[in-house]
Engineer: 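Have a look at this one before I ask anything.
What you are looking at is a predicted structure, and each value in this text was computed from that prediction instead of being measured. Counting starts at 1 for both ligands and their atoms, in listed order.
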Amino acid sequence: MPDPDPAALAFLQRRRSRPAKTLGLPVPDRAALRPLLDMALRCPDHGKLEPWRLVVLERAALARLAGLVGECGARLGRTEEDTAKQRAQFAAAHLAVAVILSPKPSDKIPAVEQSHSAACVAYGLLNAALAAGWGANWLSGWASHDATFARDALGLAEHERITGFIHIGTETSAPPERPRPDTGALTTWMDA
Ligand SMILES: Cc1cc2nc3c(=O)[nH]c(=O)nc-3n(C[C@H](O)[C@H](O)[C@H](O)COP(=O)(O)O)c2cc1C
């Protein structure tokens, strides 16, 4: 028979993100963040390729990223509004961890599986931060998909991609619950 972990199940039943723009100070210091990073990297990884890495963005780094958004937006033809919104993602943040997909050459493990593993890291970090009592939110933002921004902002190599930014901080207001998916409608049970 299974041996349930009620606390873990309760967490998974009620977990939800906290909008990044509502996250304030304090944020976890390096000593508090490190075990959350360990938990995130304890993730499914076909072939043990470790096709990911993390970049912790502290306040000055986030301000630097905010400063790169204008050039990126102009080059990509983004509107002023879009550009301001993207800039604010970094300018208003106190701590974010960039999860980087860093695929490894492999005859056996397809690139898409390595990307799935990086998404597991991001989700694991989101949940670890939430379980530790922090507010957290997984954001990408259009700039994250631009190779030039990724290189200039985070030093990414040509083959690497930003899986997401996990913003972490202190919750300042409770977000309204959003409608959750209809599991029954999305699940097919096959018995033959
Ligand atoms: C890959 C990925 C990228 C996302 N990027 C953004 C984003 O850039 N902006 C945004 O408002 N939400 C974004 N979201 C959605 C937020 O994370 C949202 O808060 C989340 O869906 C809330 O779900 P939860 O409460 O179940 O954690 C993204 C989600 C994923 C999975």
Side-chain angles (χ1 to χ4, degrees), residues 8-24 27-28 36 39-41 43-45 51-55 57 61-62 65-66 68-70 72-73 76-103 111-150 153-154 156 160-187:
L9 291 173
F11 170 77
L12 291 171
Q13 277 162 354
R14 66 179 152 68
R15 61 150 305 283
R16 61 180 185 172
S17 300
R18 307 299 196 269
K21 55 182 170 234
T22 68
L23 299 178
V27 299
L36 306 182
M39 291 172 213
L41 297 187
C43 81
D45 171 17
W52 16 253
R53 61 191 183 88
L54 304 172
V55 180
L57 297 162
L62 288 160
L65 265 61
L68 294 172
V69 169
C72 186
L76 297 178
R78 290 277 166 175
T79 64
E80 278 297 318
E81 191 188 351
D82 264 1
T83 302
K85 198 173 162 208
Q86 177 64 88
R87 188 182 294 114
Q89 178 184 335
F90 303 119
H94 301 286
L95 179 71
V97 179
V99 176
I100 311 301
L101 168 64
S102 189
V112 68
E113 291 195 10
Q114 300 190 40
S115 178
H116 294 336
S117 183
C120 288
V121 170
Y123 188 59
L125 180 56
L126 177 69
N127 276 345
L130 293 171
W134 299 102
N137 198 189
W138 178 349
L139 299 185
S140 51
W142 51 261
S144 74
H145 301 296
D146 180 63
T148 303
F149 179 83
L154 304 175
L156 261 61
E160 295 182 313
R161 294 285 177 275
I162 298 171
T163 296
F165 295 95
I166 307 300
H167 290 252
I168 303 173
T170 296
E171 177 178 12
T172 58
S173 62
E177 183 53 284
R178 66 179 168 88
R180 292 293 168 171
D182 177 349
T183 306
L186 295 168
T187 306

Engineer: Considering non-hydrogen atoms of the protein only, which is the closest contact for atom 3 (C) of ligand 1, and what is the distance?
Structural biologist: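 The protein heavy atom lying closest is Ser140 OG, 3.6 Å.
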
Engineer: To which protein heavy atom is atom 11 (O) of ligand 1 closest, and what is the distance rounded to 0.1 Å?
Structural biologist: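 Among all protein heavy atoms, the one nearest atom 11 (O) of ligand 1 is Leu139 CD2, 3.9 Å.
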
Engineer: Strictly by modelled atom types, are Trp52 and Ser117 linked by a side-chain donor-acceptor pair under 3.5 Å?
Structural biologist: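 Note: Trp52 and Ser117 side chains meet the donor-acceptor criterion.
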
Engineer: Relative to atom 22 (C) of ligand 1, which among Arg178, Glu177, Arg16 owns the nearest non-hydrogen atom?
Structural biologist: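 Answer by nearest heavy atom: Arg178.
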
Engineer: Report the part of Arg18 in contact with ligand 1, treating N, CA, C, O as backbone and CB onward as side chain, heavy atoms under 4.0 Å; options are side chain, backbone, both, neither.
Structural biologist: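 No part of Arg18 comes within reach of ligand 1.
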
Engineer: For atom 19 (O) of ligand 1, what's the nearest protein heavy atom and its distance?
Structural biologist: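 Result: Asn137 ND2, 2.8 Å.
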
Engineer: Is there a side-chain contact between Arg16 and Arg180 (heavy atoms, below 4.5 Å)?
Structural biologist: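 Yes, at least one pair of side-chain atoms sits under 4.5 Å.
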
Engineer: Would you check if Arg15 and Leu126 make a side-chain contact, meaning some heavy-atom pair closer than 4.5 Å?
Structural biologist: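 Of all side-chain heavy-atom pairs linking Leu126 with Arg15, at least one is under 4.5 Å.
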
Engineer: May I ask you to identify the nearest protein heavy atom to atom 26 (O) of ligand 1, giving residue, atom name and distance to one decimal place in Å?
Structural biologist: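 Checked against all protein heavy atoms, atom 26 (O) of ligand 1 sits closest to Arg180 NH1, 2.7 Å.
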
Engineer: For ligand 1, which atoms, with element, lie under 4.0 Å from some heavy atom of Gly141?
Structural biologist: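 The atoms of ligand 1 under 4.0 Å from a heavy atom of Gly141 are 8 (O).
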
Engineer: Who's the nearest protein heavy-atom neighbour of atom 25 (O) of ligand 1, and how far?
Structural biologist: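 Result: Ser17 N, 2.8 Å.
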
Engineer: Does Asp82 reach the side chain of Lys85, with side-chain heavy atoms less than 4.5 Å apart?
Structural biologist: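 Result no, sub-4.5 Å side-chain heavy-atom pair not found.
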
Engineer: Need the ligand 1 atom indices (1-based, order shown) with element for anything under 4.0 Å from a heavy-atom of Arg15.
Structural biologist: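 Those of ligand 1 that fall under 4.0 Å from Arg15 are 24 (P), 26 (O), 27 (O).
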
Engineer: If we only count heavy atoms from C-beta on, is the Val27 to Ile168 side-chain gap below 4.5 Å?
Structural biologist: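 Of all side-chain heavy-atom pairs linking Ile168 with Val27, none is under 4.5 Å.
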
Engineer: I'd like to check Val121 versus Arg53 (side-chain heavy atoms, cut-off strictly below 4.5 Å). Are they in contact?
Structural biologist: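 No, too far: nothing below the 4.5 Å cut-off.
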
Engineer: Quick check on Gly164 - does any of its heavy atoms sit under 4.0 Å from an atom of ligand 1?
Structural biologist: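 It does not, in that no heavy atom of Gly164 comes within the 4.0 Å cut-off of ligand 1.
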
Engineer: Is it true that atom CD of Glu80 has more than 12 heavy atoms of other residues, nucleotides or ligands lying nearer than 6.0 Å?
Structural biologist: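 At most 12 heavy atoms, drawn from other residues, nucleotides or ligands, come within 6.0 Å of this atom.
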
Engineer: Hey, looking at atom 2 (C) of ligand 1, which of Tyr123, Trp138, Trp142 has the closest heavy atom?
Structural biologist: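 Closest candidate by heavy-atom distance is Trp138.
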
Engineer: Among the heavy atoms of Gln89, does any lie under 4.0 Å from an atom of ligand 1?
Structural biologist: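 Judged by the 4.0 Å heavy-atom criterion, Gln89 does not count as contacting ligand 1.
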
Engineer: Does the side chain of Leu54 come within less than 4.5 Å of Val99's, by heavy atoms?
Structural biologist: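 Sidechains of Leu54 and Val99: in contact.
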
